Every structure is written in C-alpha cells, then in structure tokens.
Q: 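Mind looking over this structure? Questions follow.
As the structure is a computational prediction, the values presented were derived from the model and not from experiment. First listed ligand is number 1; within each ligand, the first listed atom is number 1.
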Amino acid sequence: MGRAAILVARAVFPQTIERLRRHFEVEDNAADQAWSPAELSARLHGKAGLFATAGERIDAALLDANPQLRAVANMAVGYNNVDLPACTARGVLVTNTPDVLTETTADFGFALMMAAARRLAESERFLRRGEWSRWSYDMYTGSDVHGATLAILGMGRIGQAIARRGALGFGMRVIYHNRSRLAPGQEEALGARWVDKATLLAEADHLVLVLPYSAASHHAIGAAELASMKPTATLTNIARGGIVDDAALAAALRERRIAAAGLDVFEGEPQVHPDLLAVPNVVLTPHIGSATVATRRAMAELAATNLIAALGGATPPNLLNPEALGHAAR
Ligand code: GLV
C-alpha cells in the first residue's frame, strides 16, 4: 500500500511540512492562497488527511464529496469550524491543539484587558497624531486592573490561566461563570468564585470572554447584557467572533455605556464591523491570541503529531471524537 496523501490547507512552518512529508504524500499551500470551499473540496479528493486551521469549514458537504477522508487535524484549540457530529457519523477522526497555547493566549487576554483598561491604543493613536502638547490631570485616565473585579465567562484551561494571573499577580477579586462549575479545591487554588451570569455582568470591572463558540453561545453578549454592566467596565473577547453582538457592542462603546473593549476576534472576520472601527475606546487585534513563535511552532507540531497518529492507526493525543474510532474503517 502506498503512503497516504494529505492536504495542508494553509501555509505553515517548513519544518512541519518536512516532517509531514516523511510520512505522507503532501499537497501543501506554500503560497497561502485563499481557497474557496469548492476548491478546498476539490483539492481534498484522494486525500486521507486534512491539516486545517480554524479558517476552513469542515462540513457534511465537504465530507460527502470526500468519502476517502479519515482524519482532520485542526491547528487551533477551537474547532467550531468543524461539524464534529458529521465527522463522527462518517468515522472521520478530528483533533485540535489544546494545552500548548494556554499560557500564551492567557498572556494575550491579559494584555488586551490591560490595554483597554488603561486606554493604551487610544492614547498611542493620540500621540502619533501629534496632538500631545501638554500634561493634564485627566488625560487618558482609565480604570485600575489591580484590585479590581475580574469576571471570566468560560472557565476552561485559558480561563483558569487568566484567573491565576488576576488573583496571584494583580490581587484581583476573581468571579466566573461557566456551565460546569470547578471543584471546590480548584476554585480555592485559583481564588475564583462561581456566580450566575447576571451577577458576573453586574459585578465585572473587567469582563473576559473565554468560552467556545456554539449555537448556545451565539450573542451571549448582546445589547441586554451590555446594558447590565457598569459604565466603567471593560470587555475583552479572545474567544470567538459571534459570541459578542459586534453592532450592539459598538453602540455601547459609542454611547459610553461601557468604558472600553479589547477584541481579538470578530463576527465575520477578517471583516470588522465598521462601527467598531469608528469608535475610539476599543483595542482591535487580528486574531493573534496564540501568536508567539514558540507557541505557533508547538501548535503546528502538535497538529502534525495528531495527523500522523490518526492515519497511522494510533489514537491521536488530542482526539475530539473517540466515538469515531468505533465506526468501521472506510
Ligand atoms: C485560535 O483561535 C484557536 O482556537 O486556537
């Protein structure tokens, strides 16, 4: 039997491609061209594996057009781009890249929150415009991070890493809301207290979103939720676009119903809602939460490890749908 063929959907480290070539026939995308869903599907023909990023949609149509596909390795921790039940039903193994990005993404969430609270981007733009001519007592005054209430929506690995930073490093009072509550020992170790969502929103000085995107979390933060926050509060989203209603957030920022926001993810990214671009009190970054060289390397290597295991008949370390193993090999 010849070597399995795989498709790598986006450009990735050459070392990772070299490693994959030692195991597979590889079609890569070194030029990093934007493939339409139809082109992705056509290129996938004959391939047993797909090395994907969070940007490719892996749905029933793609799977039905490619019944030979056996594994999808997503180079991201989030996998809302993958229709997991559709993959499971067809015996396609799906993996993600958790753990290796936890601390890096938590660092970034904290940076974005601090930038929003202390008006970093807004004041830098002012300086660059050449408008800084004198000191004044209330110039770009923001809100404190240390000692404030850090409110975390979603309390997985990244949420917990942010809680640790807040409680241990900045003396923050940490509250969180999540479907599943942590064990009492974990809460104690993190110095975090579970509250209902209404309390979380009402008491937040700095609200950070770190929950996965799903139909259930679509617009978890909309006009009503924003209206229940303090006018001095900040909102940071490092999770996924669509969790926040971007138009409602832009209106709340414009009308100063909350003080500021830090956003790394957007509805319909890489498009950004024009109203967000028009308000000053928001820091906008292009989905770079996990973007350090070391972490992106680790993510690429982990995705490769997962694909090599999945197509080699072993159980991949980050298998999301072990039920798929039960399906007859196709
Ligand atoms: C990035 O957004 C990821 O899910 O890893």
Side-chain angles (χ1 to χ4, degrees), residues 8-13 16 29 32 34 50-59 71-84 87 93-113 115 152-162 178-179 208-218 220-221 235-244 246 261-273 276 283-307 310 316-321:
V8 181
R10 297 291 310 278
V12 72
F13 298 100
T16 306
N29 184 2
D32 216 15
L50 173 62
F51 185 114
T53 70
E56 291 76 45
R57 178 99 202 107
I58 318 298
D59 56 14
V72 175
N74 218 35
M75 184 183 146
V77 66
Y79 50 89
N80 55 297
N81 58 310
V82 180
D83 183 338
L84 200 58
C87 288
L93 306 185
V94 182
T95 63
N96 67 339
T97 59
D99 304 317
V100 291
L101 48 59
T102 300
E103 298 298 329
T104 295
T105 307
D107 282 351
F108 192 79
F110 224 84
L112 211 47
M113 175 188 75
I152 302 175
L153 186 56
M155 199 52 150
R157 289 162 284 224
I158 298 171
Q160 292 174 40
I162 290 173
N178 200 32
R179 277 171 314 183
V208 181
L209 310 181
V210 260
L211 66 169
Y213 179 79
S214 68
S217 65
H218 181 74
I221 303 295
L235 168 68
T236 296
N237 186 6
I238 54 164
R240 278 289 180 274
I243 295 174
V244 175
D246 284 349
L263 305 175
D264 189 44
V265 288
F266 305 89
E267 291 188 283
E269 64 185 57
Q271 306 305 317
V272 176
H273 197 294
L276 284 174
V283 189
L284 306 167
T285 53
H287 202 148
I288 55 169
S290 66
T292 65
V293 177
T295 290
R296 284 289 165 82
R297 279 193 194 283
M299 290 167 68
E301 286 302 304
L302 187 53
T305 298
N306 278 313
L307 199 52
N318 308 111
L319 183 59
L320 291 165
N321 56 348

Q: Could you see which bit of N96 sits under 4.0 Å from ligand 1, with heavy atoms only: side chain, backbone, both or neither?
A: neither
Q: Taking the six-membered ring of F13, is NZ or CZ of R297 closer than 6.0 Å to its centre and within 45° of its axis?
A: yes
Q: Is there a polar contact, in the sense of an N or O pair closer than 3.5 Å, between M75 and ligand 1?
A: no
Q: Hey, does R240 have a side-chain heavy atom less than 4.5 Å from the side chain of E269?
A: no
Q: Look at the side chain of D59 and the backbone N and O of D83, then say whether any donor-acceptor pair between them is shorter than 3.5 Å.
A: no
Q: Please identify each residue that fulfils side-chain contact (heavy atoms from CB on, under 4.5 Å) with R157, with sequence neighbours left out.
A: V77, P98, D99, T102
Q: With N74 as reference, evaluate T53, N80, N306, N81 under the side chain to side chain donor-acceptor pair (under 3.5 Å) test and give the passing residue.
A: N81
Q: Looking only at distances, can you tell me whether any N or O atom of S290, backbone or side chain, sits closer than 3.5 Å to an N or O atom of ligand 1?
A: no
Q: Identify, with sequence neighbours excluded, every residue that meets side-chain contact (heavy atoms from CB on, under 4.5 Å) alongside T305.
A: R19, P317
Q: Identify the closest protein heavy atom to atom 5 (O) of ligand 1: which residue and atom is it, and at what distance?
A: V77 N, 2.8 Å
Q: At the 4.0 Å heavy-atom cut-off, does R240 count as touching ligand 1?
A: yes
Q: For L101, take its heavy atoms, then give the atoms of ligand 1 lying under 4.0 Å from any of them.
A: 5 (O)
Q: H287 heavy atoms, cut-off 4.0 Å: which ligand 1 atoms fall inside?
A: 1 (C), 2 (O)
